[in-house]
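From a predicted model like this one, the values you see are computed outputs, not experimental measurements.
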Amino acid sequence: MPVWLPLLLAALAVLAIYLIRPTAQSLSVASTLLWRRLLAHRRKRHDRLRWLLSLLLATTVAGCLALAAGQASWLQPGGGDRIALAFDSSPTMSAALPDGTGTRMDLAVAEARRIVAEADTSGRFTLGADPTRLTPAEALLALSGSFESEETEEQPEPAIPAADTAYLFTDGVSDWRPTIDPATATQTISVLAPARNAGIVHFVTRPAPSHEAKPEALVEVLATDAASATGLVPVELMIADVETIRIRRQLELPSGNRFTALIDIAGFAPGPVTASLRTPGDVFPLDDRAMLVDARSTGPPATARVEQPLNRLRGQRRLVVHTRSRASFADSAAARAFAADPSVVVVAVRAAADGTVREAGAQPPESSSAATAAADIAVFHRTIQTTGPPLPSLFLDPPDAAPAGGLSPAEAAPPAQRRIDRIAAEHPILDGVSLLGLPARIPTRQLDPRCTAVAAAGNLTAIAVCDPTDPAPTPAGSEPPGPDLSARSVVIALDLDTSPLAQRPDLAALLQNATEWLTGTLTDRDDTILPGLQDERATRINESDLDPVPPGRLAELTRETRRPWSWRTLALAGLLLASIEAITFFRGITV
């Protein structure tokens with residue numbers, strides 16, 4: 001039944017009651033003198049005003065009761081709708097607001113409470129990926145001060161239940177993209193409040209290419225500030241071992257800039273090494289601390305393992321290198337990175353220019369076939385794959401004219417100078433490697449659909465990996481075969497020698513991770529733990545495509561949320577007005 005129908009009927013009924021005139025009754029009196037004097041002093045205008053006031057009160061009472069009986073949902077937004085409330089679960093949602101009234105998640109919850117309070121009582125709400133339908137009262141109770149989003153980092157794209165409208169509360173910093181039914185109307189609510197932050201985005205220990213026997217730690221600090229702020233961000237960096245603070249530095253970083261340093265930790269006490277920051281006005285403490293465990297343990301020196309015979313290289317990954325010329329590989333950044341890694345050994349270098357094989361160690365040269373058979377990984381440095389025993393392949397800066405590692409031949413255009421802006425941070429070959437923002441010369445190639453890009457600059461693939469194909473079905477009662485590691489490949493398409501990566505320990509870490517992944521020996525590192533965040537995207541808490549929250553909205557965060565009038569309120573208002581009508585009638589104010 002339309003809501004206007006009971007309103008119309010109630011108004012007509014009241015008006016009819018007031019227009020009906022009762023039948024005049026005859027009454028005999030002794031004299032009409034007093035009645036005539038009384039009628040002479042009365043004013044007809046007052047009678048009409050009393051009649052109109054009484055009619056207005058009666059109509060208002062009837063309208064309130066009619067609206068309450070019909071529960072008019074059209075008077076309130078979202079009446080009877082299914083509304084989904086989804087909250088970004090990324091770490092930056094825990095960043096504090098500039099005025100100190102709460103966090104971005106608190107602001108999101110306050111906005112959600114406001115939406116629930118303004119909706120109709122017949123609406124039903126869902127929170128996050130939970131399909132349970134809640135009444136407004138239940139939703140407000142669930143959105144209490146202890147509310148926490150149910151999505152986790154293991155579920156970056158939660159499936160939002162089907163609804164008429166979905167409100168997405170996010171700061172727009174992370175890649176959080178929930179899965180929503182196409183028929184659902186979505187509205188993004190920004191909770192971005194720019195503020196100051198400084199964080200540790202990289203803290204690892206690797207043997208440096210130039211000092212492979214010297215234990216060093218690489219630390220990177222990134223600073224950001226509100227868009228309206230000017231000046232430098234003061235940061236205090238402290239490096240400490242189990243005994244005392246070994247290094248304390250006062251830094252002043254422009255917003256968006258980073259501080260990078262290699263720290264000699266050879267003189268540190270055995271045990272954990274901790275890096276921590278202190279920044280006035282910092283609103284995001286999750287990235288202010290990082291730790292290394294047994295940071296001085298970097299393995300035996302590379303010079304010692306070169307003299308070992310091949311049959312004693314157990315637990316190490318053996319490489320056979322195919323390159324254009326022996327000199328080009330010997331002077332390359334890849335050769336220095338391999339030399340700095342005690343977990344790999346180059347058993348042979350095959351030069352395509354003269355067809356010879358040069359042994360990496362001091363042992364007498366072996367035949368080409370014997371060196372290849374003794375290898376675990378085939379490395380192709382600026383050359384293409386040739387016939388030979390199948391081995392997991394690592395392609396380094398492959399030639400533009402040939403396909404390699406799941407990448408097609410490059411286009412005729414010269415390599416483009418880009419900055420890496422997308423990485424698959426969860427892939428194991430990027431563990432402990434900082435690539436975001438790295439400038440690199442990358443040729444334009446097409447990625448094989450069976451492969452995965454783990455680092456890219458726009459539409460250009462910088463690093464790609466190819467997993468082996470799925471094994472054939474296993475007969476009943478037999479053990480399933482393991483993955484065909486010989487089909488694995490990693491291609492690093494960027495020019496390492498011209499990249500800043502060649503001057504950083506990240507290159508040794510990248511190649512070490514790649515060789516471990518190719519041979520299936522990748523394990524969790526026990527020399528590094530991450531009590532801090534060390535996520536560069538999260539440290540950049542102000543980089544978002546969304547508009548910042550107006551300052552006035554932050555001031556309303558602590559204001560109590562009130563519900564609008566409901567049908568119960570209208571019913572009570574109608575009864576109150578009816579009481580006023582009765583009182584005025586008996587006092588002669590209304591008729």
Worksheet item: Would I239 and V273 satisfy side chain to side chain contact (heavy atoms under 4.5 Å, CB included), going step by step from the backbone distance to the final call?
Response: CA-CA 7 Å; I239 309 293; V273 176; 3.8 Å; yes
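Interatomic distance, CG of D88 versus CH2 of W176, reported as 5.5 Å (0.5 Å rounding). Atom CG of L218 is separated from atom NE2 of H202 by 5.5 Å, given to the nearest 0.5 angstrom. Taking CZ of F284 as the reference point, atom OG of S94 lies at 4.5 Å (rounded to 0.5 Å). One finds the CG atom of L192 at 11.0 Å from the CD atom of E543 (value rounded to the nearest 0.5 Å).
Residues A217 and F203 come closest through the heavy atom pair CB-CE1, 4.1 Å. Looking at every heavy atom in both residues, L447 comes nearest to T452 through CD2-C, 4.1 Å. Summarising the geometry of A162 relative to R82, their closest heavy-atom pair is O-NH1, 4.0 Å, with the distance given to 0.1 Å. Summarising the geometry of P272 relative to V242, their closest heavy-atom pair is CD-CG1, 3.4 Å, with the distance given to 0.1 Å. Here the closest heavy-atom approach between residue L143 and residue R113 is recorded as O-NH1, 3.0 Å. Considering all non-hydrogen atoms of both residues, A493 and D397 come closest at O-OD1, 3.9 Å.
Annotation: ring-ring contact (aromatic ring centres under 6.0 Å, His included) contacts involving residues 422-455, sequence neighbours excluded, comprise H427-W517. Each salt bridge (charged side-chain N to carboxylate O under 4.0 Å, His left out) pair with one or both residues in residues 265-276, not counting sequence neighbours, would appear here, but there are none. Residue pairs satisfying the ring-ring contact (aromatic ring centres under 6.0 Å, His included) criterion with at least one member in residues 433-464, sequence neighbours excluded, are absent. Here side chain to side chain donor-acceptor pair (under 3.5 Å) pairs that include residues 240-250, with residues two or more places apart or in two chains, are E236-R248, E236-Q250, D241-R246, E243-R246.
No donor-acceptor pair closer than 3.5 Å links the side chain of T279 to the backbone N or O of A198. Between the T515 side chain and the L511 main chain, a donor and an acceptor come within less than 3.5 Å of each other. D467 places no side-chain N or O within 3.5 Å of a backbone atom of R488 that could act as its donor or acceptor partner. The closest donor-acceptor contact from the side chain of D448 to the backbone of L407 lies at 3.5 Å or more, if one exists at all. At distances below 3.5 Å, at least one donor-acceptor pair connects side-chain atoms of D497 with backbone N or O atoms of A333. In terms of modelled atom types and a separation under 3.5 Å, the side chain of T461 and the main chain of I463 share no donor-acceptor contact.
Using a 4.5 Å heavy-atom cutoff, the side chains of I263 and I247 are in contact. Side-chain contact between L546 and T188: present, with at least one pair of heavy atoms (C-beta onward) separated by less than 4.5 Å. At least one side-chain heavy atom of V454 sits under 4.5 Å from a side-chain heavy atom of I429. For the pair T135 and R124, the minimum side-chain heavy-atom distance is below 4.5 Å. Taking 4.5 Å as the limit, some side-chain heavy atom of P280 sits within range of a side-chain heavy atom of P234.
The ring-ring contact (aromatic ring centres under 6.0 Å, His included) search around F169 returns F87, not counting sequence neighbours. For R441, the salt bridge (charged side-chain N to carboxylate O under 4.0 Å, His left out) partners two or more places apart in sequence, or in a different chain, are D495. Residues meeting the ring-ring contact (aromatic ring centres under 6.0 Å, His included) test with F395, sequence neighbours left out: F380. For D171, the side-chain hydrogen bond (donor to acceptor under 3.5 Å, both in side chains) partners at least two apart in sequence or on another chain are T92, R104. Considering only residues two or more places apart in sequence or on other chains, S276 meets the side-chain hydrogen bond (donor to acceptor under 3.5 Å, both in side chains) condition with none of them. By the side chain to side chain contact (heavy atoms under 4.5 Å, CB included) test, P161 is found to be paired with T126, P131, residues two or more places apart in sequence or in another chain being considered. Residues that satisfy the side-chain hydrogen bond (donor to acceptor under 3.5 Å, both in side chains) test with R445, not counting sequence neighbours, are absent from this structure. Residues meeting the side-chain hydrogen bond (donor to acceptor under 3.5 Å, both in side chains) test with D421, sequence neighbours left out: none.
The pair R537-D175 counts as a salt bridge, with a side-chain nitrogen and a carboxylate oxygen less than 4.0 angstrom apart. Ion pairing between a basic and an acidic side chain is recognised when a charged N comes within 4.0 Å of a carboxylate O; R133 and E138 show no such pairing. Look at R114 and E118 and you find no salt bridge, because none of the NZ, NE, NH1 or NH2 atoms lies under 4.0 Å from a carboxylate O.
Checked options L286, V221, D288, D287; the residue passing with T539 is D287 (criterion: side chain to side chain contact (heavy atoms under 4.5 Å, CB included)).
Judged purely by distance below 3.5 Å, without hydrogens or angles, the side chains of N197 and D225 never pair a donor atom with an acceptor atom. In the model, T165 has no side-chain atom that pairs as donor or acceptor with a side-chain atom of D81 under 3.5 Å.
Around the CD atom of Q417, the shell of radius 6.0 Å holds more than 12 heavy atoms that belong to other residues, nucleotides or ligands.
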